[in-house]
*Asks:* 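First the structure, then my questions, so here it is.
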Amino acid sequence: MTTATPTPLWRPAAPVGFAAPLPAVDLIQVAAVDDGWTVSARVVVDSESPNLAGHFPGQPIYPGVFVVETLCQAMAQAVPGAPRLRTVTSVRFLAALLGGDEMTLDLDVRPTPPAGWAVRGTARRLDGTVTAQLRAVFDAGAGA
């Protein structure tokens, strides 16, 4: 049986030093569940971002690698010990994120022996359209 804490309020995301100049998380929610966490990270796709220039001219699309970057930045803020991405085991990009869209990436984070985290994630636009599904494994990092 899963026991969850009450849903926390959204809070502004902190800058992540390794990601400059790409802020890939604007808001984040973290809740402890059993021995893991649920994490929700939100980011607004800025069509004026220089990171989107040329991807694609006239209709900027949030690159799939930025969805993975959102995952990494959310994990860095949510899970103790600064976890590091080890492997993306599966990723499916199902719908485009365009300039002005807001993406919410919902993560289920569970421990994996001996020291790490298994993550399943689903990204959605505000209209509920699933834009990506992914699975990844993180090392526990420095503080574990």
*Asks:* Rounded to the nearest 0.5 Å, what's the gap from CZ on Arg110 to CH2 on Trp37? Could you check?
*Replies:*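 Answer for the CZ-CH2 pair, Arg110 versus Trp37, is 10.5 Å.
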*Asks:* Could you go through Val79 and Val109, starting from their C-alpha distance and side-chain angles, then the distance that decides it, and tell me whether this counts as side chain to side chain contact (heavy atoms under 4.5 Å, CB included)?
*Replies:* CA-CA 9 Å; Val79 178; Val109 182; 4.1 Å; yes
*Asks:* Please check if the side chain of Asp108 supplies one atom and the backbone of Thr38 the other of a donor-acceptor pair under 3.5 Å.
*Replies:*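 Pair absent, no side-chain N/O of Asp108 close to backbone of Thr38.
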*Asks:* Should we count CZ of Arg135 as having more than 12 external heavy atoms under 6.0 Å?
*Replies:* no
*Asks:* Identify every side-chain donor-acceptor pair in residues 95-104 under 3.5 Å, counting partners at least two apart or on other chains, and give the distances.
*Replies:*
residue: Asp101; atom: OD2; partner: Leu98; partner atom: N; Å: 2.8
residue: Thr104; atom: OG1; partner: Arg42; partner atom: NE; Å: 3.4

*Asks:* Got a donor-acceptor contact below 3.5 angstrom from the Asp34 side chain to the Gly36 backbone?
*Replies:*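 Checking the backbone N and O of Gly36 against the side chain of Asp34, no donor-acceptor pair under 3.5 Å is found.
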*Asks:* Write down the atom of Val43, the atom of Ala24, and the distance for their closest heavy-atom approach.
*Replies:* CB-O, 3.4 Å
*Asks:* With hydrophobic residues grouped by side-chain heavy-atom distances under 4.5 Å, do Val91 and Leu94 end up in a single group?
*Replies:* no
*Asks:* When you look at Val44 and Asp26, which way does the side chain to side chain contact (heavy atoms under 4.5 Å, CB included) test go after all the steps?
*Replies:* CA-CA 7 Å; Val44 175; Asp26 295 328; 3.8 Å; yes
*Asks:* Looking only at side chains, do Glu69 and Gln73 share a donor and an acceptor under 3.5 Å apart?
*Replies:*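 Judged by distance alone, the side chains do pair up.
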*Asks:* If you measure from CD on Gln133 to OG on Ser90, what distance do you get to the nearest 0.5 Å?
*Replies:*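 Reported to 0.5 Å precision, the distance equals 8.0 Å.
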*Asks:* Could you pull out all residues at least two apart from Ala74 that satisfy side-chain contact (heavy atoms from CB on, under 4.5 Å)?
*Replies:* Val25, Ile28, Val39, Ala41, Leu107
*Asks:* Under a 4.5 Å cut-off applied to non-hydrogen side-chain atoms, are Arg124 and Thr131 in contact?
*Replies:* no
*Asks:* How close do Leu71 and Phe138 get, heavy atom to heavy atom, and via which atoms?
*Replies:*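 Answer, listing the atom of Leu71 first, then Phe138: CG-CZ, 3.8 Å.
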*Asks:* Scan side-chain atoms only and decide if Thr70 and Tyr62 contain a donor-acceptor pair under the 3.5 Å cut-off.
*Replies:* yes
*Asks:* Quick one: closest heavy-atom pair of Pro83 and Trp117, and the distance?
*Replies:*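 Heavy atoms only, the tightest pair is CB-CD1, 4.1 Å.
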*Asks:* Please list, chain by chain and in numerical order, all residues satisfying side-chain contact (heavy atoms from CB on, under 4.5 Å) with Pro63, sequence neighbours excluded.
*Replies:* Leu52, His55, Val65, Phe66
*Asks:* Stepwise, does the side chain to side chain donor-acceptor pair (under 3.5 Å) test hold for Asp106 with Ser40?
*Replies:* CA-CA 4 Å; Asp106 293 314; Ser40 292; 2.5 Å; yes
*Asks:* Check whether more than 12 heavy atoms from other residues, nucleotides or ligands sit under 6.0 Å from atom CZ of Arg92, and answer yes or no.
*Replies:*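 Counting other residues, nucleotides and ligands, CZ of Arg92 stays at 12 neighbours or fewer.
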*Asks:* Please give me the minimum heavy-atom distance between Ala136 and Leu85, naming the atom from each residue.
*Replies:*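 Shortest heavy-atom separation between Ala136 and Leu85 comes out as CB-CD1, 3.9 Å.
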*Asks:* Are the charged groups of Asp139 and Arg86 less than 4.0 angstrom apart, N to O?
*Replies:*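 Between Arg86 and Asp139 there is a salt bridge, with a charged N closer than 4.0 Å to a carboxylate O.
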*Asks:* If I take atom OG1 from residue Thr89 and atom CG from residue Leu134, how far apart are they, to the nearest 0.5 angstrom?
*Replies:*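 Thr89 OG1 to Leu134 CG: 8.5 Å, rounded to 0.5 Å.
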*Asks:* Run the numbers on Thr122 and Leu105 for side chain to side chain contact (heavy atoms under 4.5 Å, CB included), then give the verdict.
*Replies:* CA-CA 6 Å; Thr122 301; Leu105 179 60; 5.9 Å; no
